[in-house]
12 protein chains.
Amino acid sequence: MKILVLHGPNLNMLGKREPDVYGVVTIEEINQMIRGHAEDIDADVEIEQFNSEGEIVSAIQGTHADAIVMNPGAYTHYSIAIRDAVAAVKLPTVEVHLSNIHAREEFRHKSVIAPVCAGQISGFGAVSYLLGMDAAKSIVEQAR
Amino acid sequence: MKILVLHGPNLNMLGKREPDVYGVVTIEEINQMIRGHAEDIDADVEIEQFNSEGEIVSAIQGTHADAIVMNPGAYTHYSIAIRDAVAAVKLPTVEVHLSNIHAREEFRHKSVIAPVCAGQISGFGAVSYLLGMDAAKSIVEQAR
Amino acid sequence: MKILVLHGPNLNMLGKREPDVYGVVTIEEINQMIRGHAEDIDADVEIEQFNSEGEIVSAIQGTHADAIVMNPGAYTHYSIAIRDAVAAVKLPTVEVHLSNIHAREEFRHKSVIAPVCAGQISGFGAVSYLLGMDAAKSIVEQAR
Amino acid sequence: MKILVLHGPNLNMLGKREPDVYGVVTIEEINQMIRGHAEDIDADVEIEQFNSEGEIVSAIQGTHADAIVMNPGAYTHYSIAIRDAVAAVKLPTVEVHLSNIHAREEFRHKSVIAPVCAGQISGFGAVSYLLGMDAAKSIVEQAR
Amino acid sequence: MKILVLHGPNLNMLGKREPDVYGVVTIEEINQMIRGHAEDIDADVEIEQFNSEGEIVSAIQGTHADAIVMNPGAYTHYSIAIRDAVAAVKLPTVEVHLSNIHAREEFRHKSVIAPVCAGQISGFGAVSYLLGMDAAKSIVEQAR
Amino acid sequence: MKILVLHGPNLNMLGKREPDVYGVVTIEEINQMIRGHAEDIDADVEIEQFNSEGEIVSAIQGTHADAIVMNPGAYTHYSIAIRDAVAAVKLPTVEVHLSNIHAREEFRHKSVIAPVCAGQISGFGAVSYLLGMDAAKSIVEQAR
Amino acid sequence: MKILVLHGPNLNMLGKREPDVYGVVTIEEINQMIRGHAEDIDADVEIEQFNSEGEIVSAIQGTHADAIVMNPGAYTHYSIAIRDAVAAVKLPTVEVHLSNIHAREEFRHKSVIAPVCAGQISGFGAVSYLLGMDAAKSIVEQAR
Amino acid sequence: MKILVLHGPNLNMLGKREPDVYGVVTIEEINQMIRGHAEDIDADVEIEQFNSEGEIVSAIQGTHADAIVMNPGAYTHYSIAIRDAVAAVKLPTVEVHLSNIHAREEFRHKSVIAPVCAGQISGFGAVSYLLGMDAAKSIVEQAR
Amino acid sequence: MKILVLHGPNLNMLGKREPDVYGVVTIEEINQMIRGHAEDIDADVEIEQFNSEGEIVSAIQGTHADAIVMNPGAYTHYSIAIRDAVAAVKLPTVEVHLSNIHAREEFRHKSVIAPVCAGQISGFGAVSYLLGMDAAKSIVEQAR
Amino acid sequence: MKILVLHGPNLNMLGKREPDVYGVVTIEEINQMIRGHAEDIDADVEIEQFNSEGEIVSAIQGTHADAIVMNPGAYTHYSIAIRDAVAAVKLPTVEVHLSNIHAREEFRHKSVIAPVCAGQISGFGAVSYLLGMDAAKSIVEQAR
Amino acid sequence: MKILVLHGPNLNMLGKREPDVYGVVTIEEINQMIRGHAEDIDADVEIEQFNSEGEIVSAIQGTHADAIVMNPGAYTHYSIAIRDAVAAVKLPTVEVHLSNIHAREEFRHKSVIAPVCAGQISGFGAVSYLLGMDAAKSIVEQAR
Amino acid sequence: MKILVLHGPNLNMLGKREPDVYGVVTIEEINQMIRGHAEDIDADVEIEQFNSEGEIVSAIQGTHADAIVMNPGAYTHYSIAIRDAVAAVKLPTVEVHLSNIHAREEFRHKSVIAPVCAGQISGFGAVSYLLGMDAAKSIVEQAR
């Protein structure tokens with residue numbers, strides 16, 4: 001089983017400049033945790049980060065993974081293009097967020113991508129990704 | 001470590017009458033999975049189901065657990081009383097949902113309880129509860 | 001054929017304190033009319049009144065009737081829990097109102113329960129219940 | 001006692017082209033039921049169908065009936081002209097709908113005519129008309 | 001193959017009084033173009049113009065054409081009656097507009113009729129009708 | 001100078017059935033006042049009343065008057081067709097209302113026709129028409 | 001009979017700097033017309049112009065006139081203080097506007113003062129004042 | 001004179017867990033103050049706290065007090081059932097709040113119960129209750 | 001301790017012209033009550049009434065009182081200038097209203113000034129001022 | 001004459017994964033039809049597909065075509081950048097859509113690009129492109 | 001060249017009572033900076049501060065300056081009267097704000113005055129005024 | 001001191017095709033002015049223009065400047081990704097616009113980026129950039 005983990009815009013800045021908001025963990029450390037967890041749950045994992053909406057669309061279109069775990073970052077709230085890409089590839093997709101988007105500014109409560117995802121996990125920091133991988137695995141296994 | 005698992009209104013009907021929407025798994029089977037998972041992660045678990053908003057408020061107020069995993073059901077969308085109860089007890093609370101509420105009717109997208117919870121897990125059926133317990137454990141451990 | 005008639009909050013006050021709004025007929029007199037009409041249409045009838053949302057949810061879940069005639073009172077406008085209960089039991093449910101809710105304050109125009117009911121009868125005083133029983137009977141008979 | 005039954009636009013198409021939505025009953029068959037029911041409740045009945053808003057306004061203005069049972073069809077949602085006609089003649093008017101308009105598209109939930117009607121009956125197919133006649137009769141009798 | 005071309009209210013005034021908005025082409029000249037184009041694409045065409053909403057509803061109900069090309073004019077924005085007529089007859093209907101309604105006043109952006117039409121062509125003057133006929137032909141042919 | 005006075009739907013009911021709202025003056029008496037005032041200001045006057053939106057559109061299109069004084073009644077609030085007719089004929093049009101529409105229900109505050117009229121006079125009973133005629137005369141004279 | 005004519009903010013600038021919008025007539029010329037018309041209709045007139053909301057409130061409170069003709073200018077759209085002053089003195093008040101406020105920017109369509117006025121006259125330039133005086137006179141005379 | 005003091009949901013948690021928001025005063029201490037003040041103003045007082053909406057409705061229905069001082073807590077913002085109960089018993093009811101609800105989150109600004117209460121006192125901590133009792137007394141005395 | 005009591009626009013008209021709405025008590029009588037109550041609670045009081053928003057702003061800026069009790073009248077609903085003045089002087093300010101603003105027209109429910117006040121007292125007639133003085137005193141004393 | 005045909009995001013997936021929604025026709029087959037139609041109408045055509053908003057902006061800026069036929073895909077609903085690019089180059093642009101966007105989810109009804117386009121063609125599958133080319137040709141020819 | 005600098009309500013309180021929000025600089029110090037800068041850019045400057053909306057309107061009407069630099073303070077958000085005054089005098093007007101109004105409460109984001117100003121400078125403290133003077137100078141010079 | 005000047009989408013078209021809207025000055029000429037002004041204020045400047053949202057995000061992330069002066073163009077109104085990038089790098093950022101965005105279409109009034117910027121300068125053509133550089137310099141100097 002193969003999982004594509006997608007980090008959206010600005011997630012490459014994690015742990016670099018806003019420790020008070022997103023903690024001191026860097027994206028490299030999160031990726032480390034993701035790779036370690038992939039081994040634990042016996043899955044292959046491919047990790048990518050993009051600032052560009054179009055590149056995220058293309059990455060979704062081009063993947064050969066069995067499931068996607070995606071933190072769309074700011075695009076969560078307006079990228080219908082990413083939504084349509086998820087709908088087009090029909091892969092089980094788990095939307096994850098470091099912070100609890102439902103507890104932040106009003107405009108962050110709405111995810112335009114959620115309606116085409118299997119589910120959403122929000123608010124547990126780097127752990128959101130690991131839970132997302134577990135969820136993805138469970139979906140893929142149930143579908144078999 | 002002790003976790004209180006709260007099922008909101010109508011969840012006692014699971015698997016009984018709407019298999020096409022919520023699957024054929026009954027609440028008893030979900031509770032079984034929850035208890036099994038509690039053992040796996042070395043936690044005590046207490047499980048309760050209420051149809052009444054006031055009883056959920058009281059259960060939250062009265063718990064001696066270290067964390068709460070709650071599926072508020074329909075109350076998710078309007079019970080400011082439950083929101084205030086969670087805020088009052090200041091226990092880490094994980095909001096879980098069987099279905100992806102962000103993919104259902106517009107009025108189910110909004111959780112008035114979310115802003116006072118640690119995070120939200122939505123869309124993975126019974127697995128949402130298990131992921132919620134993992135999340136709760138991780139929060140409690142980090143806080144130590 | 002068996003019909004459950006449910007009176008929502010404050011309907012026990014009928015005829016006691018606001019004769020100018022709801023007439024002088026008391027809930028006991030309405031129940032008398034309901035029982036008389038049940039005999040006329042050859043149906044069993046069970047009548048209950050609750051002030052608590054949770055108890056209405058439980059009553060809906062626990063009924064063995066063939067159909068429900070319900071005046072949800074104030075809960076009409078916000079109780080998604082009652083809506084979900086009606087959806088869960090899948091019994092034909094007729095929503096009735098003494099006054100014409102569409103002619104009152106704006107917030108009373110919307111019924112969050114209506115979308116899962118068979119139909120709505122609003123504005124005919126105690127007669128709304130009797131018409132609702134006729135409607136319920138017609139639905140049950142057509143389904144046979 | 002005399003009742004005017006008014007069918008709004010497109011109701012002449014009933015049973016002809018959308019059996020899946022409105023059933024296979026034609027308007028002629030409904031009118032048959034209406035006439036039969038009129039006999040049962042000892043009332044005179046006059047039935048008319050119009051596609052034109054203006055003609056409905058004129059029919060309301062010109063009637064000599066004691067009460068009106070009207071299915072305003074699509075005009076339900078925007079015809080303030082029909083609303084004003086009902087208000088002008090001050091006859092008890094019962095608004096009826098074949099389908100449960102509160103369970104359909106959002107824009108069909110609102111009736112601009114309801115605030116000047118005695119009540120609304122919605123969702124019981126052809127039976128809505130018969131219940132409407134019963135309601136009309138009860139109002140006229142109470143007023144005597 | 002037979003096409004019904006329907007002109008809504010005020011389209012009979014074309015080219016007569018507002019040349020700066022709708023050009024100097026009269027409805028007679030547009031009808032000429034429509035008839036010429038019908039010959040080109042080997043279709044019968046029937047053309048009607050109505051100021052009255054009810055007459056448009058009746059024309060839609062009564063047609064024996066294979067498809068409708070309709071410019072509902074002002075009724076585009078509020079006539080649920082015309083929408084319901086189109087839905088009732090289930091003929092492929094192409095909505096056309098002389099001007100680009102999406103580039104005009106906000107209230108002209110919304111078409112309540114569009115959701116039941118095959119498609120919409122807006123902004124090309126008289127040419128909108130001709131493209132609409134081509135579109136109608138293509139739909140009818142694909143359905144065969 | 002010639003003025004077309006148009007009465008919209010239900011104005012033929014004036015003084016007949018709702019004396020408490022619109023006074024006891026009938027449309028015939030208002031028309032009398034209009035004709036008398038026309039003589040006073042040395043104008044020809046043509047008066048028409050329609051319940052049908054389409055007929056009002058046609059009457060506007062077909063007039064040979066120099067100005068229109070129109071009480072669009074209920075159509076004030078939604079008839080874009082009448083608005084477009086006024087815009088098409090480009091005659092100075094004065095919108096008049098018996099009651100002060102800005103002091104009634106919220107939905108009566110908005111006139112979709114006003115943006116294409118010269119001005120609006122609202123609230124002075126039958127006198128609104130006479131003031132409207134004066135206004136129309138002043139506009140026509142200034143334009144000469 | 002005595003009429004108070006109130007000009008709101010910026011009306012003292014009339015004819016001075018925006019001839020293309022409000023014409024070349026100055027406030028002095030309008031006042032001249034008002035005084036002339038007062039003589040014609042046999043009324044005393046007192047004219048005042050204020051830029052300050054508070055002064056308009058005080059002027060309304062302090063007047064001994066039988067009626068008020070007021071162009072509240074920009075305050076039309078938000079001065080609840082002026083509205084309350086009009087309601088407090090209970091004098092028949094006619095709201096007048098030079099331009100047709102219902103044909104201008106959206107925010108100018110709404111008058112918060114209108115609901116407590118007898119009526120509104122809008123769009124006839126300086127003539128609006130004269131019509132307003134006629135209307136005021138008619139109201140005062142009818143009340144006698 | 002007898003006053004019923006009602007505390008809504010979560011008010012039993014006062015002073016226990018959120019001292020920074022609601023101060024360190026417990027509900028027992030507030031009740032002490034209320035009882036002391038009752039003596040001062042020569043009134044009988046009965047105090048109750050409920051987490052359940054239905055129990056608050058029943059308490060209002062069943063009271064024999066002359067007036068109610070109620071802090072509806074979270075139910076302030078959505079409990080139409082409590083509103084209807086207050087309207088039904090027709091007792092003078094004073095709505096009180098510890099914190100200034102108009103200075104908190106947007107959703108706390110609106111009280112659905114306020115329109116049927118005599119008045120509202122908000123923002124003075126425990127003192128709000130005492131002022132509410134004074135207000136209640138004044139209303140009862142004036143009514144005598 | 002010194003309290004500034006501010007009456008907003010139109011409050012000088014109290015008891016003069018709208019006895020049915022605001023009672024027959026005049027502002028002089030209210031001021032009498034305020035002065036009497038000031039003596040009772042051992043406070044100095046200064047009372048001012050302004051129709052002008054700017055003068056209220058200046059009065060707030062210039063006061064040497066320890067607290068303000070203000071009935072902003074109509075300005076309650078839109079005067080951000082008064083709000084900013086209250087915020088600037090940082091004096092404890094109690095907002096009072098004679099009538100229950102939350103039970104009146106929708107636009108009177110919102111106070112733009114409330115978020116910077118200590119609290120709000122609404123609905124008790126002249127007594128609102130006296131309760132406001134008590135509240136102000138309690139705040140000042142607690143702050144010492 | 002030269003036409004630039006632009007396909008927006010995800011259109012490269014056509015016919016690959018969602019045959020039930022967009023049909024089985026691939027983008028290559030559509031391009032084939034476009035090229036064939038270009039020959040028929042004697043036009044040069046250049047076809048490009050981009051997932052990236054910025055690349056679409058650049059393609060519009062850089063084209064030497066006489067007209068653009070563009071299916072902006074998901075960007076239709078939020079890309080003001082593409083809107084501004086169309087406005088900047090001032091080339092006649094025809095907006096086309098495979099499905100009828102006005103019959104899909106509410107958020108797809110609005111095109112932020114439409115106000116700067118010549119017109120919109122929506123709902124005819126691949127034929128939308130061909131009609132768009134015809135429309136573009138007609139506009140270019142009329143402008144000569 | 002002469003510039004009128006206008007300070008709106010409460011700006012006279014700068015540096016006096018809210019140093020944490022607006023800094024410790026007083027209005028006198030800002031005026032000093034403005035005068036110094038005027039010399040630097042070779043301009044005459046006149047500075048005024050008003051708490052009253054009407055006085056600001058009058059000041060704008062009466063100025064003989066070539067340009068206005070105005071901080072309308074709270075009036076920014078609702079004073080259509082000031083907007084109309086700016087529009088009437090047709091002087092280039094630069095709107096300035098000490099704080100970044102677009103980063104504060106939602107209601108401060110909207111300026112009703114902006115649409116008639118040359119531009120807006122917001123967020124740079126006292127420097128906003130100096131930049132505003134530079135901008136004003138550049139506009140006046142370009143117009144020559 | 002080093003300033004990064006960022007031009008958003010379509011700004012490379014300046015002076016090329018819409019002289020009536022944005023003037024005849026090209027981006028090269030603006031850049032010339034920017035470089036000249038940088039010398040005047042003794043600052044290093046780096047200038048970049050991007051059509052792609054993702055590239056703007058990356059440029060903000062990668063800069064070594066002390067401050068950013070950015071005209072986000074169309075992205076101003078929806079790019080939360082750019083907003084988050086500005087928030088992440090925590091550099092003082094001045095938002096500039098050539099035209100006064102608050103005087104254009106409603107949707108251009110809102111900047112989603114403004115809340116994380118130091119301030120906004122809008123409406124002064126190329127001069128907006130120069131004022132923005134002055135503002136940036138002043139912020140950087142004050143922070144030292």
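Protein chains get the first letters and strands the later ones, always in sequence-line order, with residue 1 at the start of each.
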Open item on the list: I need the D134(A) CG to F124(B) CZ distance, nearest 0.5 Å.
Closed with: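 Going from CG on D134(A) over to CZ on F124(B), the span is 10.0 Å.
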- [ ] Would you give the length of the straight line joining atom NZ of K110(A) to atom CD of E106(B), rounded to the nearest 0.5 angstrom?
- [x]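 Interatomic distance, K110(A) NZ to E106(B) CD, rounded to 0.5 Å: 5.0 Å.
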- [ ] Report, as yes or no, whether the 6.0 Å neighbourhood of atom CD on E39(B) holds more than 12 heavy atoms from other residues, nucleotides or ligands.
- [x]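 Result for CD/E39(B): open.
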- [ ] Step through the shown structure and confirm whether more than 12 heavy atoms of other residues, nucleotides or ligands are within 6.0 Å of CD on Q32(B).
- [x]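 Not more than 12 within 6.0 Å, no.
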Open item on the list: Quick check on E95(B) against chain A: is it the side chain, the backbone, both or neither that has a heavy atom closer than 4.5 Å?
Closed with: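 E95(B) has no heavy atom closer than 4.5 Å to chain A.
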Open item on the list: Quick check on I139(B) against chain A: is it the side chain, the backbone, both or neither that has a heavy atom closer than 4.5 Å?
Closed with: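 Side chain only.
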TODO: Run the ring-centre check on H102(B) versus H102(A) and record whether the distance is less than 6.0 Å.
DONE: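 Distance test on ring centres: under 6.0 Å, yes.
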Open item on the list: Please rank A103(A), A114(A), S122(A) by heavy-atom pairs under 4.5 Å with chain B and give me the top one.
Closed with: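 Sorted descending by pairs with chain B, the first entry is S122(A).
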TODO: Determine the option with the most heavy-atom pairs under 4.5 angstrom with chain B, choosing from A118(A), G123(A), S111(A).
DONE: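 If we count pairs closer than 4.5 Å to chain B, A118(A) comes out on top.
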- [ ] Search all heavy atoms of I121(A) against all heavy atoms of L131(B) and return the closest pair with its distance.
- [x]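 Looking at all heavy atoms of both residues, the shortest contact is CD1-CD1, 4.2 Å.
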TODO: Check whether any side-chain N or O of N100(A) sits under 3.5 Å from a backbone N or O of C117(B) as a donor-acceptor pair, and report yes or no.
DONE: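 Checked: pair present.
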Open item on the list: Among V127(B), I101(B), V96(B), which residue has the highest count of heavy-atom pairs closer than 4.5 Å to chain A?
Closed with: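 Max contact count across the listed options: V127(B).
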